[in-house]
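Computed from a predicted structure; not experimentally measured. We name chains A, B, ... by the order of the sequence lines, and we start the count at 1 in each one.
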There are 2 protein chains.
Amino acid sequence: MPERYHDEIRRLPLFSDLSDESFISLLQGAYVQNFPPQITLIDEGDTSDFLYILVSGAVEMFSTWNGRETSMDTIRPVTTFILAATVKDAVYLMSARTVEKSRLILLPSENVRRIFETDATFAKCIVTELAQGYRSIVKTSKELKLRTSLERLANYLLREQARGGGGAAEFDLPMEKRRLASYLGMAPENLSRAFKALQPYGVEVAGSRITINDEADLRAFAKPSPLIDDASI
Amino acid sequence: MPERYHDEIRRLPLFSDLSDESFISLLQGAYVQNFPPQITLIDEGDTSDFLYILVSGAVEMFSTWNGRETSMDTIRPVTTFILAATVKDAVYLMSARTVEKSRLILLPSENVRRIFETDATFAKCIVTELAQGYRSIVKTSKELKLRTSLERLANYLLREQARGGGGAAEFDLPMEKRRLASYLGMAPENLSRAFKALQPYGVEVAGSRITINDEADLRAFAKPSPLIDDASI
DNA sequence: CGCTATGTTGATCCATATCAATAAGTGTGG
DNA sequence: CCACACTTATTGATATGGATCAACATAGCG
């Protein structure tokens, strides 16, 4: 694996506290690979052979059952994914595909489990990462069960405005609307109508460009809660 | 804390590999407490002061937003809960209440974090526990998004038959129907109707007593998948 | 420039929630 | 141990959120 990636991986919270020795050992047999869009990286049910690190591009986590499919999450650089399956040496519960041209690092799961066994620091970092992931999906579950699809969209827009839009009134949706619909648990047609239904609250849509004219008004409708919408807790 | 509980706690996967020294240290300031039914143990949003271990009884994890409430999980002995909040020293994302007379052990979160920092074995056990919890809620999320309420009920019955019923055709629901409805993400009235809708597949209901007359038939409808329904992976 | 996938809009259908009334449990105190 | 009160469960009627189907518009992309 090219040296130029070392620093980037090193900077991830999961690896930052690792000893040099463990870090080198972890990278044995790792490799970097580029993928075009729409390539399936992981099929749910397969055994966990690699821990993935997304270096550039975007990856969608999704699941299927009985001919239906739902988008579970969209991964942005630089992030690891499917850590839980790796440390448990269990099958993947979600599938993954690239949504755009992406560069990924593949760490042999075997390495991760070996270093995890021998390096206490690494174990602690994994705990932090897993706890974060756990709490993140708890919030998603709460949102799914407690909010209507319109409320989910309104809160999503507020979160995305803060996260990707830097708080500005205008920002771009970071994914296709059909995938956003699936992520929010609704049909694509419904998302179109939901956007219209938010017009009275000052939401304007032009393609993927969103304008929130009156954030206070939208917040009054969305009623965001830190215990669902705050990514940092 | 009475010595008689030591063995029971020790037997939990989370603590079984702990050194005696760490274990003693962990129990400093811990105490055992009995609670009547319907007592709120945890309010979501509060800071994590204790790691809870349920010794007997049952505890419901639930969440609220905007005047609505949903049941997230029901904890059965002997299990710890809210581990993620404890290790992250973060606020609780879910509330907890007893559903029946329950006995709990309260371990100061401070202890858990201290031992976690110093005892590599404990860190590894926490990883396993968190990874398990993470995968468990991923399955729940998949089920919520991919299945209708009738399908969720059918699969729930099959899981419960295997788990609590030991595979027998007859078994008792382990909770009130209103709570089951909330857990499955439906209104109580809908659960009643859903039970009726499963009659053609051989499901009989008498109070909390469930009889599955033709498991193959019910399975053909429910289409259980290990990637959603198998608790052991 | 035209093909194909995505997005929008309208019409309709279906699943599920809500409202209302009754029935059945469950627990409590006399 | 029974009677009352209160909660939970069921059933029916209705409303509604959201899905589906179909037609069309639009936008990417080769």
For residues 201-209 of chain B, tabulate all N or O donor-acceptor pairs below 3.5 Å that involve a side-chain atom, not counting sequence neighbours.
| residue | atom | partner | partner atom | Å |
| --- | --- | --- | --- | --- |
| B:Glu204 | OE2 | B:Asn213 | ND2 | 2.9 |
| B:Arg209 | NE | B:Glu170 | OE1 | 2.9 |
| B:Arg209 | NH1 | B:Asp172 | OD2 | 3.0 |
| B:Arg209 | NH2 | B:Glu170 | OE1 | 3.2 |

Rounded distance (nearest 0.5 Å) linking atom CZ of A:Phe50 with atom CG of A:Leu41: 11.5 Å
Exercise answer: donor-acceptor pairs, residues 78-85 of chain A side-chain atoms, under 3.5 Å, sequence neighbours excluded:
| residue | atom | partner | partner atom | Å |
| --- | --- | --- | --- | --- |
| A:Thr79 | OG1 | A:Arg76 | O | 2.3 |
| A:Thr80 | OG1 | A:Glu129 | OE2 | 3.3 |

Span of DNA chain C, from the first to the last nucleotide whose atoms fall under 4.0 Å of chain B heavy atoms: C:dT16 to C:dC19
Nearest-0.5 Å distance, CZ of residue A:Phe171 to CD1 of residue A:Ile210: 5.5 Å
Pairs where residues 147-164 of chain A contributes a residue and the test salt bridge (Lys or Arg N to Asp or Glu O under 4.0 Å) is met, not counting sequence neighbours: A:Glu143-A:Arg147, A:Glu143-A:Arg159, A:Arg147-A:Asp229, A:Glu151-B:Arg68, A:Arg159-A:Asp229, A:Glu160-A:Arg163
Listed once per pair and sorted, the side-chain hydrogen bond (donor to acceptor under 3.5 Å, both in side chains) pairs that draw on residues 183-197 of chain B, sequence neighbours left out: none
Euclidean distance, A:Ile53 CD1 relative to A:Ile9 CD1, rounded to 0.5 Å: 4.5 Å
Residues touching DNA chain D, which here means a heavy atom under 4.0 Å, drawn from residues 61-70 of chain A: none
Show me the donor-acceptor pairs within less than 3.5 Å that the side chains of residues 94-101 of chain B make with the rest of the protein, sequence neighbours left out.
| residue | atom | partner | partner atom | Å |
| --- | --- | --- | --- | --- |
| B:Ser95 | OG | B:Glu44 | N | 2.9 |
| B:Arg97 | NH1 | B:Glu60 | OE1 | 2.8 |
| B:Arg97 | NH1 | B:Glu69 | OE2 | 3.3 |
| B:Arg97 | NH2 | B:Glu69 | OE1 | 3.4 |
| B:Arg97 | NH2 | B:Glu69 | OE2 | 3.1 |
| B:Thr98 | OG1 | B:Pro36 | O | 2.7 |
| B:Thr98 | OG1 | B:Gln38 | N | 3.0 |
| B:Thr98 | OG1 | B:Ile39 | N | 2.9 |

Listed once per pair and sorted, the side-chain hydrogen bond (donor to acceptor under 3.5 Å, both in side chains) pairs that draw on residues 4-15 of chain A, sequence neighbours left out: A:Tyr5-A:Arg103, A:Arg10-A:Asp20
Distance (rounded to the nearest 0.5 Å) between B:Gln132 CD and B:Ser136 OG: 7.0 Å
Nucleic acid footprint by protein, nucleotides 24-30 of chain D - heavy-atom cut-off 4.0 Å, B for base, S for sugar-phosphate alone: -------
Spacing of CD belonging to A:Glu3 relative to CG belonging to A:Leu27, to within rounding of 0.5 Å: 9.5 Å
Inter-end axis angle, the helix from C:dC1-D:dG30 to C:dG30-D:dC1, with every axis fitted to five base pairs (rounded, 10 degrees): 50°
Residue pair B:Ala90 / B:Ser48: nearest heavy atoms and the distance that separates them: O-CB, 3.3 Å
Minimum-distance pair of heavy atoms, taken over all atoms of B:Ser232 and B:Asp230: OG-OD1, 2.9 Å
Under 4.0 Å protein heavy-atom contact, by nucleotide of nucleotides 9-18 of chain D - B base, S sugar-phosphate only: SSBBB----S
Residue pairs passing the salt bridge (Lys or Arg N to Asp or Glu O under 4.0 Å) test where at least one lies in residues 216-227 of chain A, sequence neighbours excluded: A:Glu215-A:Arg219
A:Ala194 versus A:Leu153, closest heavy-atom pair with distance: CB-CD2, 3.5 Å
